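Remarks on the structure that follows.
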Protein chains: 2
Amino acid sequence: MGDSKAQNLQIPRRSATLRSMVEDNLRKAIASGTFKPGQRMIERDLCERIGVGRTSIREALRQLEAEGLVVSYPHKGPVVASFSAEEVRQLYVIRAELEGFCGREFARHGSREDIAKLIRAVDAFDRAAQGDDQEALIETKTHFYDVLAQGAGNIYVTQFLTSLHNRITLLRVSSMRQPGRLPESVREIRLISEAIAAGEPERAEAACKQHIENAARVAIAQALTGQSNDAEE
Amino acid sequence: MGDSKAQNLQIPRRSATLRSMVEDNLRKAIASGTFKPGQRMIERDLCERIGVGRTSIREALRQLEAEGLVVSYPHKGPVVASFSAEEVRQLYVIRAELEGFCGREFARHGSREDIAKLIRAVDAFDRAAQGDDQEALIETKTHFYDVLAQGAGNIYVTQFLTSLHNRITLLRVSSMRQPGRLPESVREIRLISEAIAAGEPERAEAACKQHIENAARVAIAQALTGQSNDAEE
DNA sequence: GTTGACAGATTGTCTGCGAATCTGACAAAG
DNA sequence: CTTTGTCAGATTCGCAGACAATCTGTCAAC
C-alpha cells in the first residue's frame with residue numbers, strides 16, 4: 001500500500017536531549033581547535049560557556065571520553081586528548097587498514113547508487129581543490145570519506161572510522177596544508193573511485209591504503225616538527 | 001640511576017572513582033546475562049541494586065552507550081543492545097579483518113617475549129578444553145585474544161577488538177557450545193600461534209581470518225535459530 | 001473499534017551540599 | 001640553597017531533592 005515513502009515522516013527523535021547537543025558542541029569545539037590538546041576542561045567553565053547544568057556537561061564528557069577525544073584522570077578532571085608521534089603512526093596504520101577494507105568491500109558489493117554518490121563526492125572535492133575555500137575543502141573531503149565508509153555496508157567499520165577521523169581532526173595536522181599535496185590527494189581519491197566503479201576490489205583496497213599512507217607520511221612529519229601538541233601553556 | 005624498575009611503583013590510579021566501578025559491574029552484568037538484550041535498565045532499580053546515586057549510574061551508562069553495549073532513546077531510557085542477524089554477520093566480518101591484521105602484524109613485528117606468551121596462552125586454552133570448566137574455557141580463550149591483540153602493537157586495534165568482544169559475549173552465542181567445535185577451535189588457534197612463531201605474516205593472517213569465519217558460521221546459525229534476542233517479554 | 005483524556009512511571013535537567021583529592025605556595029628545618 | 005611539611009584554594013566526586021517533559025497503558029466516551 002502507500003507505505004513506500006513512509007519512513008520520511010520520521011521526526012528526528014535524536015537531538016531531543018540537551019546532553020546530545022552539548023556533546024556535539026564540545027566535539028566541534030575540540031575539532032575546531034577551540035580547546036587544544038592537553039588543555040583542561042573545567043566543568044564550571046563549560047557550564048557557564050554553554051549555559052547548561054553540570055549534569056549535562058558531565059554526561060557529555062563521559063561520551064567523549066569513551067570516544068577517546070578526551071582523557072580524564074580521577075579527581076583531576078578531563079583534558080583534551082593528545083597524541084605522541086608513535087600513537088599518530090599507529091592511528092594511520094589502522095586507518096589505512098580499515099579504509100582499505102572499505103574500498104575492497106565497496107568494490108565488491110557497492111550499489112550502483114553508492115558508486116554514483118562516490119563519484120559525485122570526488123568531483124565536489126576536485127572542484128573545492130581548485131578554489132581556496134579551506135572550509136569547503138574539509139567538508140567535501142569529509143563527505144568523501146563518509147560515502148566511502150557507507151559504501152562498505154558495515155556499520156562497525158563506519159563507527160570505528162568516524163572515531164579515528166575525529167581524533168585526526170583534533171590533531172590539526174591536515175596533510176592538505178602541505179604544498180603540492182592537494183592535487184596529489186585529488187588524484188589518489190579519484191583512483192579509488194575509479195577502481196571501485198570498475199569493480200576491482202584489490203585495486204580499490206590498494207588505492208585506499210596508498211592514499212592513507214601518503215597522508216600519514218605528511219602528517220607524521222608535521223607532528224614531529226610542529227609539536228603543537230601538549231599545549232602545556 | 002636506580003630508575004630501572006621505577007614504573008612498577010605506580011599505584012592503580014584507575015578504579016579510584018565509583019563511576020568506573022559501576023561501569024565495570026554493569027559491563028560484567030551484561031556480559032554474564034544478568035541483563036538480557038532488549039531488557040530495559042531502569043535508573044532507580046540500578047541505584048538500589050548497586051547502592052549508588054543516580055549520578056554514578058547515569059554516567060556509567062553513558063560510557064556503555066558509547067561502547068555500543070546499551071542503546072538509549074530519549075525519555076525512554078537505556079536498554080541492553082540487541083543485534084539483528086545481519087548485524088551479527090557484519091560484526092564477525094570486521095572482527096575477522098581486525099584479528100587478521102593482528103596476526104599479520106604480530107608475525108611481522110612481535111617480540112620473542114610476546115610470542116612465548118601467545119604459545120602459553122594456547123596451551124592453557126588447550127588444557128581447559130580437556131576439562132569441562134566452562135569458566136576456565138572462557139577465561140583462557142579471552143586471554144588468548146588479549147595476547148593476540150597486544151602482540152600487534154597497535155593500541156587502536158586493541159580498543160576496537162575489545163569493543164567487539166564485549167558485544168559478542170553479550171550475544172551469548174558462544175560458538176564453543178557447538179558439539180565438535182571446541183577441538184576444532186583449539187586446532188585453529190594453534191595454527192595461528194605456529195604461523196606467528198614462524199614469522200609468516202600471510203599465513204598468520206589467513207589462519208586468524210579462517211578461525212573467525214568458522215566461529216561466525218556457528219554463531220550466525222545460532223543467532224538465527226535461537227532468536228533469544230529481542231527479549232520483548 | 002477508534003478516539004481522547006488522564007494518571008503513573010520514568011527520564012532529563014538543575015541546584016545545593018559535603019567529602020575527597022589535587023595543586024601550588026609558603027614557611028620551617030637542615 | 002634545598003628539602004620537607006603544612007595549609008588553603010580549586011576542583012572533582014557523588015548524593016539527594018526537586019520539578020518539568022515525556023512516554024505508556026488504561027479506561028471511558030463516542
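The chains referred to below are lettered A, B, ... by the order of the sequence lines, with proteins before strands, and numbering in each begins at 1. Predicted model, so just to flag it, every value in this text is computed and none were measured.
To the nearest 0.5 Å, atom CD of residue B:Gln63 and atom CG of residue A:Leu64 are 10.5 Å apart. For the atom pair CD1 of B:Ile220 and CG of B:Leu171, the computed distance is 10.5 Å after rounding to the nearest 0.5 Å.
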Show me the donor-acceptor pairs, under 3.5 Å and distance only, between side chains in residues 41-56 of chain B and residues at least two apart or in other chains.
{"from": "B:Glu43", "atom 1": "OE1", "to": "B:Arg54", "atom 2": "NH1", "distance (Å)": "2.6"}
{"from": "B:Glu43", "atom 1": "OE2", "to": "B:Arg58", "atom 2": "NH1", "distance (Å)": "2.4"}

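Across the protein-nucleic acid pair, B:His75 atom NE2 and D:dT22 atom P stand 5 Å apart, rounded to whole Å. When the P atom of D:dT12 is taken as reference, atom CE of A:Met41 falls 11 Å away, rounded to whole Å. If you take OH of B:Tyr73 and P of D:dT24, they are 12 Å apart, rounded to a whole angstrom.
A cation-pi arrangement is absent between A:Lys141 and A:Phe144, since the terminal nitrogen or guanidinium carbon is not both under 6.0 Å from the aromatic centre and inside a 45° cone about the axis.
Checking C:dT21, D:dG14, C:dT13 against the side-chain heavy atoms of A:Thr17 singles out C:dT13 as nearest. Out of D:dG14, C:dT13, C:dT11, the shortest distance to the side chain of B:Ile42 is found at C:dT11.
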> Can A:Leu91 and A:Leu164 be said to form a side-chain contact (heavy atoms from CB on, under 4.5 Å), step by step?
Replying inline: CA-CA 7 Å; A:Leu91 206 159; A:Leu164 292 178; 4.1 Å; yes

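For the pair A:Lys76 and C:dT23, the criterion of a side-chain N or O lying under 4.0 Å from OP1 or OP2 is met.
Applying the salt bridge (charged side-chain N to carboxylate O under 4.0 Å, His left out) test to A:Glu99 and every residue at least two apart in sequence or in another chain returns A:Arg95.
Residues from residues 43-62 of chain A with heavy atoms under 4.0 angstrom of DNA chain C, sorted by number: A:Val52, A:Gly53, A:Arg54, A:Thr55, A:Ser56.
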